[in-house]
Peer 1: 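What follows is a structure written as structure tokens; I'll ask about it next.
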Amino acid sequence: MSEVTGTIIRVSGPLVVARGMAGSKMYDVVRVSEKRLLGEIIQLRGDEAAIQVYEETAGIGPGEPVYPTYEPLSVELGPGLLETIYDGVQRPLHLLEEKAGYFITRGIEVPALSRERKWHFVPLCQKGDTVGPGDVIGEVAETVLVKHRILVPPGVQGRVREIAEGDFCVTDPVAVLETATGEHRLTTVQRWPVRQPRPVRRRLPPDEPLLTGQRIIDTFFPIAKGGTACVPGPFGSGKTVIQHQFAEWSDADIVIFVGCGERGNEMTDVLLEFPKLKDPKSGEPLMKRTVLIANTSNMPVAAREASVYTAITIGEYFRDMGYSVALQADSTSRWAEAMREISGRLEEMPGEEGYPAYLATRIAEFYERAGRVTCLGRYQGKEMEGSLTVIGSVSPPGGDLNDPVVQATLRVVKVFWSLEDKLAFQRHFPAISWLRSYSLYTDVVAAAMAQRTQPDFLEHARQAMALLQKEAELEEIVRLVGKDTLSAEDRLVLEVARSLREDFLHQNAFHEIDTYTSLKKQAAMLAVILRFYALTREALNRGAEIDQIEKLPVRERIARMKFIPEEEFESALNALHRQLEAEINRLSGNYD
Ligand code: ADP
């Protein structure tokens with residue numbers, strides 16, 4: 001620690017202003033007062049620094065010292081991240097509790113990664129190899145589900161002089177490099193400043209879908225690997241269920257969840273529920289491939305501001321290993337409110353609704369860290385592809401989507417899943433509106449989708465959406481003038497749209513089979529409903545009665561197709577098609 005110390009001249013909640021800070025830079029970490037509270041410089045004017053403090057500042061006052069560290073706010077990256085629950089500045093919550101009881105004592109320093117735990121390191125390169133930034137030098141089986149790849153830190157390059165298999169703590173050297181500037185010891189831990197994106201070799205187009213097994217998402221509003229999405233979550237709309245489904249079922253290797261709760265119990269729910277989730281493929285706890293970041297209500301707002309950066313930096317680090325990472329931030333509105341509070345205390349010129357003028361820039365910068373990339377380094381000589389997908393939930397006051405945070409978010413994200421409490425009241429789950437949601441990835445992932453399903457899948461999805469939109473128009477007419485005025489053709493549209501809603505869009509997260517639907521099965525289910533439509537429309541044209549069509553026994557079987565196990569659906573759906581044709585033929589037979 002340096003001899004130079006600053007002096008506090010003002011304290012305003014989480015904000016401390018100190019003088020005598022020449023030599024420090026923006027975003028440097030400082031220690032405030034003899035209690036050594038963790039803070040970060042967020043404004044510098046001459047030798048005066050405004051510092052946001054990540055711990056309770058009660059009892060701290062003018063005249064007390066501030067110790068610069070000349071280091072930016074950083075996270076520790078290495079084995080031990082998975083299965084851990086951190087606070088917004090990467091302090092492990094369970095350790096904090098052990099060390100300080102449930103209420104966190106101020107100024108305690110706990111390492112983000114255990115210094116005692118040993119990990120079995122297996123080298124993936126040899127003496128004499130030349131390795132560069134981001135290259136994988138070895139692996140640690142961090143959990144039964146994830147091999148943690150040990151990466152050369154960005155900026156380091158050299159020839160491997162020593163490397164050995166063995167059990168090491170994160171701070172033990174596992175390899176020695178000869179570099180242009182001398183010997184460099186590599187450990188399994190590295191640090192990275194949270195506010196700076198980690199470098200990549202090149203960015204790739206987001207043309208691979210991140211499949212979720214949730215039919216309304218994959219079929220109608222897909223998200224791409226490396227894509228961005230926004231989801232509002234009115235109370236009781238099923239936001240938590242969607243988040244859990246996404247964490248468990250999306251085809252990501254690593255799950256990161258950052259919770260910025262306002263009310264204490266919201267966060268407690270996350271802390272209690274997340275560890276209970278299972279990884280569906282292995283049956284192991286999902287935590288074995290998850291990092292949780294939680295801001296509980298007794299933590300200062302500044303930690304909430306930092307938490308999304310902590311989370312996204314950890315996400316980028318796993319992306320750099322060639323993994324697909326899915327990050328969920330809940331709720332980014334709370335994060336923006338933290339920004340607003342700090343900005344207010346800095347007496348900055350307020351923008352819309354009191355949010356700082358840089359709100360939109362900060363939100364955009366956050367989502368821009370998502371992406372599908374060719375990683376900086378190589379794995380056994382080969383390039384790696386990684387992705388970081390970001391889903392932010394928003395919780396505007398009164399559900400008002402004109403709120404500045406929502407608007408700024410919608411300007412950058414490419415997917416909007418419009419969760420609506422109205423649908424939840426009608427027990428339509430997932431309560432995602434098919435009329436108001438959108439995905440700008442539909443065309444980008446089209447080729448990959450077609451390859452995984454059947455050639456007419458995208459056309460089917462378009463037709464189905466058109467029917468659902470037509471249903472909304474017809475319902476308006478029915479409301480005004482009643483159902484009797486509708487033509488038989490329109491009544492058929494209503495019938496098919498109902499089938500699309502009830503038999504396809506409804507998806508019960510708690511049903512063993514319905515909880516997940518492969519894309520192949522989604523396509524096959526959609527094909528059945530649209531075939532029903534095509535055949536019944538022909539039958540109508542040939543003179544069949546709409547009342548009879550509505551009563552066809554095959555309708556019941558279509559309603560149950562979502563419950564057919566994955567391994568049986570192909571033959572079951574073939575049988576369904578045969579039944580459908582036979583029933584229609586019989587209908588037609590009556591009228592031909
Ligand atoms: P929120 O987090 O928005 O307050 P929850 O996610 O806890 O709401 O959902 C509220 C309730 O809605 C759940 O307990 C469940 O009964 C029901 N629900 C939500 N989504 C689904 C779903 N996909 N399938 C079945 N039930 C659901």
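Predicted, not measured: the structure shown is a model, and the values here were computed from it. This chain uses plain numbering: 1 for the first residue, then up along the sequence. One-based numbering, in listed order, for ligands and for the atoms of each. Side chains included, hydrogens not; waters and symmetry mates left out as well; all remaining heavy atoms used.
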Peer 1: Please report which non-hydrogen protein atom sits nearest to atom 13 (C) of ligand 1, along with the residue it belongs to and the distance in Å to one decimal place.
Peer 2: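 The answer is V241 CG2, 4.2 Å.
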Peer 1: Show me which atoms of ligand 1 lie under 4.0 Å from any heavy atom of F510.
Peer 2: 15 (C), 25 (C), 26 (N), 27 (C)
Peer 1: Has the side chain of E208 got a donor or acceptor atom that lies under 3.5 Å from a matching backbone atom of K225?
Peer 2: no
Peer 1: Can you tell which of G238, A424, G233, S237 gets a heavy atom nearest to atom 9 (O) of ligand 1?
Peer 2: G238
Peer 1: When you check the side-chain N and O atoms of E76 and Q90, is any donor under 3.5 Å from an acceptor?
Peer 2: no
Peer 1: Report, in ascending order of atom number, the atoms of ligand 1 lying under 4.0 Å from any heavy atom of N508.
Peer 2: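 Counting from 1, the qualifying ligand atoms are 24 (N), 25 (C).
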Peer 1: What residue and heavy atom of the protein are closest to atom 4 (O) of ligand 1, and at what distance?
Peer 2: G236 N, 2.8 Å
Peer 1: May I ask you to list the atoms of ligand 1 that are less than 4.0 angstrom from any heavy atom of Q507?
Peer 2: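 Within the 4.0 Å cut-off of Q507, ligand 1 contributes 22 (C), 23 (N), 24 (N).
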Peer 1: State yes or no: are the ring centers of W434 and F221 separated by less than 6.0 Å?
Peer 2: no
Peer 1: Report the nearest protein non-hydrogen atom to atom 2 (O) of ligand 1: residue, atom name, distance rounded to 0.1 Å.
Peer 2: T240 OG1, 2.4 Å
Peer 1: Is there a protein heavy atom less than 4.0 Å away from atom 19 (C) of ligand 1?
Peer 2: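 It does: a protein heavy atom is found less than 4.0 Å away from atom 19 (C) of ligand 1.
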Peer 1: Quick check on the 6.0 Å ring-centre criterion: do Y516 and H511 meet it?
Peer 2: no
Peer 1: For atom 16 (O) of ligand 1, what is the nearest protein heavy atom, given as residue, atom name and distance?
Peer 2: R427 NH2, 3.9 Å
Peer 1: Near P234, which atoms of ligand 1 are under 4.0 Å from a heavy atom of that residue?
Peer 2: 3 (O)
Peer 1: Decide whether D253 and S324 meet the rule of one side-chain donor and one side-chain acceptor closer than 3.5 Å.
Peer 2: no
Peer 1: Return yes if some donor-acceptor pair links the side-chain N/O of Q507 with the main-chain N/O of L505 below 3.5 Å, else return no.
Peer 2: no
Peer 1: For ligand 1, which atoms have a heavy atom of K239 less than 4.0 angstrom away?
Peer 2: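 What qualifies from ligand 1 is 1 (P), 2 (O), 3 (O), 6 (O), 8 (O).
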Peer 1: Around atom 24 (N) of ligand 1, find the nearest protein heavy atom and jot down its residue, atom name and distance.
Peer 2: A509 N, 3.0 Å
Peer 1: Write out the residue and atom name of the closest protein heavy atom to atom 17 (C) of ligand 1, then the distance separating them to 0.1 Å.
Peer 2: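 Result for atom 17 (C) of ligand 1: F429 CZ, 3.4 Å.
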Peer 1: Please indicate whether E570 has more than 12 foreign heavy atoms, meaning atoms of other residues, nucleotides or ligands, lying under 6.0 Å from its CD.
Peer 2: no
Peer 1: Taking heavy atoms and a distance under 4.0 Å, where does Q245 meet ligand 1: side chain, backbone, both or neither?
Peer 2: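 Neither; nothing of Q245 gets under 4.0 Å from ligand 1.
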Peer 1: Are H506 and F429 near enough that their ring centres are under 6.0 Å apart?
Peer 2: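 Not close enough - the centres of the two rings lie 6.0 Å or further apart.
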Peer 1: Where the side chain of S418 meets the backbone of S433, is there a donor-acceptor pair that is under 3.5 Å apart?
Peer 2: no
Peer 1: Could an N or O of ligand 1 be found under 3.5 Å from any N or O of F235, whether backbone or side chain?
Peer 2: no
Peer 1: Would you mind checking if R436 and E420 are paired as a salt bridge, meaning a charged N to carboxylate O distance below 4.0 Å?
Peer 2: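 Looking at R436 together with E420, the answer is yes, because their closest N to O distance falls below 4.0 Å.
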Peer 1: Is A431 touching ligand 1 with its side chain, its backbone, both, or neither, if touching means heavy atoms under 4.0 Å apart?
Peer 2: neither
